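Notes for the one structure printed next.
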Amino acid sequence: MNTTHIVDKLRDFDLNGMVGAIEHHGAAPAFADLPFQDRLMHFLQAEAAYRDDRRLKRILKSARLKIPAAAEDIDYRSARNLDRAHMAELPTCAWVRQAENLILTGATGTGKTHLACAFGGHAARVGLTVRYYRTHQLLGDMAIAHQDGSLGRLRMSLTRFDLLILDDFGLTPLTELGKHDLLDVVDARTRSASILLAGQLSFKEWHAYIAVRLRSPALTSALSSGVQNCAPSIQPVASCVTSC
């Protein structure tokens, strides 16, 4: 059996990473001197890398992050008052695996969206599923879903993601329906999956913004079960909140 037949069989089994490795070995005679076990291991590692790369591309496409950003590129200029040690812990994604939440607060132009997308992108790179929404965009989609009967399907789709990013929280007024939908989204993820929420409002302004009798405390309590903030100070709220 020649190499062409082997490659065809590997393609039949969707082992395209191994196909690439075999073609690479065929073009480099030095590999011919390697023991069989070493060459086989190289083929297996190539297949694993190929699958990891394909999964990452699939997760990033599904995430719909607003901007490409990397945790390694975070700006630590003194005016932002970011704690390097604290920020270095976040890309480990331990908080996502523990179903804790991250809240980034700060004025316009302080880089909240960049940080949110950087943490979201890093979560994707370690194999966690992510979805980015601007808050009013998600609530708008939910309002339409109420009307066309697809709300259950939309809610179910949100549960598939390990990390849900809600950007621009507090940017636009909430409708009464939006307030209840937001609480439902948060409540459905409590102790089971993480939310990264980014916006200009400080944590103490949330009650006035949401203004839902009896339900505002429920929302802040649910979100504060694990938090981190991005602005001048880092304050503990059940876990932690970070300000930019």
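It should be emphasised that the depicted structure is a prediction, and the values quoted were computed from it without experimental measurement. This chain uses plain numbering: 1 for the first residue, then up along the sequence. Quick note: numbers below take in every heavy atom, side chains included, and nothing from hydrogens, waters or symmetry partners.
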Query - Evaluation steps, side chain to side chain contact (heavy atoms under 4.5 Å, CB included), between M87 and F119 - result: CA-CA 10 Å; M87 298 297 285; F119 293 139; 3.7 Å; yes

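- One hydrophobic cluster, built from ILVMFWY side chains closer than 4.5 Å, cannot hold both Y132 and I67; they sit in different ones.
- Rounding to the nearest 0.5 angstrom, the gap separating the CD1 atom in I6 from the CG atom in L10 is 7.5 Å.
- The two residues G17 and A46 come nearest to each other via the heavy atoms O-CB, 3.7 Å.
- Between atom OG of residue S62 and atom CZ of residue F161 there is a gap of 4.0 Å, rounded to the nearest 0.5 Å.
- With sequence neighbours excluded, the residues that form a salt bridge (charged side-chain N to carboxylate O under 4.0 Å, His left out) with R11 are E23.
- With hydrophobic clusters built from ILVMFWY side chains whose heavy atoms lie under 4.5 angstrom apart, L171 does not share a cluster with L174.
- Panel note: side chain T190, backbone V186; a donor-acceptor pair is recorded below 3.5 Å.
- Looking at L138 and D181, their side chains never come closer than 4.5 Å, going by heavy atoms from C-beta outward.
- Under the 3.5 Å distance criterion, the side-chain polar atoms of R125 are matched with a main-chain donor or acceptor of G121.
- You'll find the side chain of L163 stays beyond 4.5 Å of the side chain of R131, heavy atoms only.
- The side chain to side chain contact (heavy atoms under 4.5 Å, CB included) check on T175 picks up L177, with sequence neighbours excluded.
- Taking hydrophobic clusters as Ile, Leu, Val, Met, Phe, Trp and Tyr residues chained together by side-chain heavy-atom distances below 4.5 Å, V96 does not share a cluster with I59.
- The two residues W95 and I195 have their closest heavy-atom pair at CZ3-O, 4.4 Å.
- For the pair I165/Y133, no side-chain contact is recorded, criterion being any heavy-atom separation below 4.5 Å from C-beta on.
- Applying the salt bridge (charged side-chain N to carboxylate O under 4.0 Å, His left out) criterion to R134, with sequence neighbours excluded, gives D168.
- Under the side-chain hydrogen bond (donor to acceptor under 3.5 Å, both in side chains) criterion, R189 pairs with no residue, sequence neighbours left out.
- For the residue pair A70 and A118, the shortest heavy atom distance occurs at C-CB, 3.7 Å.
- Put simply, OG1 on T135 and CZ on F169 are 7.0 Å apart, with the number rounded to the nearest 0.5 Å.
- T105 places none of its side-chain heavy atoms less than 4.5 Å from the side chain of S202.
- Not a single side-chain hydrogen bond (donor to acceptor under 3.5 Å, both in side chains) links H24 to another residue, sequence neighbours left out.
- Side-chain contact between W206 and L197 is present, with heavy atoms from C-beta onward closer than 4.5 Å.
- In the hydrophobic cluster analysis, where Ile, Leu, Val, Met, Phe, Trp and Tyr join through side-chain heavy atoms closer than 4.5 angstrom, V19 is grouped apart from M41.
- For P173, there are no side chain to side chain contact (heavy atoms under 4.5 Å, CB included) partners, not counting sequence neighbours.
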Query - L139/L182 under side chain to side chain contact (heavy atoms under 4.5 Å, CB included): CA gap, chis, key distance, verdict - result: CA-CA 7 Å; L139 296 181; L182 181 60; 4.3 Å; yes

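- Residue pairs meeting the side-chain hydrogen bond (donor to acceptor under 3.5 Å, both in side chains) criterion with at least one member in residues 113-122, sequence neighbours excluded, are T113-D167.
- Residues L60 and A124 share a closest heavy-atom pair of CD2-CB, 3.7 Å.
- More than 12 heavy atoms of other shown residues, nucleotides or ligands fall within 6.0 angstrom of atom CZ in R97.
- Identified under the salt bridge (Lys or Arg N to Asp or Glu O under 4.0 Å) test for residues 137-153, with sequence neighbours left out: none.
- Put simply, OG1 on T172 and NE2 on H136 are 6.0 Å apart, with the number rounded to the nearest 0.5 Å.
- By the rule that hydrophobic residues join a cluster once side-chain heavy atoms approach within less than 4.5 Å of another member, I144 and L158 end up as members of separate clusters.
- Between A116 and L196, the closest heavy-atom pair is CB-CD2, 3.7 Å.
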**Report entry** Check against side chain to side chain contact (heavy atoms under 4.5 Å, CB included), D162 and S194
**Finding:** CA-CA 6 Å; D162 299 310; S194 294; over 6 Å; no

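- Applying the salt bridge (Lys or Arg N to Asp or Glu O under 4.0 Å) test to pairs two or more places apart or on separate chains, those with a residue in residues 48-62 are D14-R54, E47-R51, D53-K57.
- Residues forming a salt bridge (charged side-chain N to carboxylate O under 4.0 Å, His left out) with E205 (at least two apart in sequence, or on another chain): none.
- Atoms CG and CG, from L104 and L166 in turn, are 11.5 Å apart once rounded to the nearest 0.5 Å.
- Among pairs with a residue in residues 35-57, those fulfilling ring-ring contact (aromatic ring centres under 6.0 Å, His included) read H25-H42, H25-F43, F31-H42, at least two apart in sequence or across chains.
- Listed by chain and number, the residues in a side-chain hydrogen bond (donor to acceptor under 3.5 Å, both in side chains) with T108 are Q200 (sequence neighbours excluded).
- Between the CD atom of Q137 and the NZ atom of K66 there is a distance of 10.0 Å, given to the nearest 0.5 Å.
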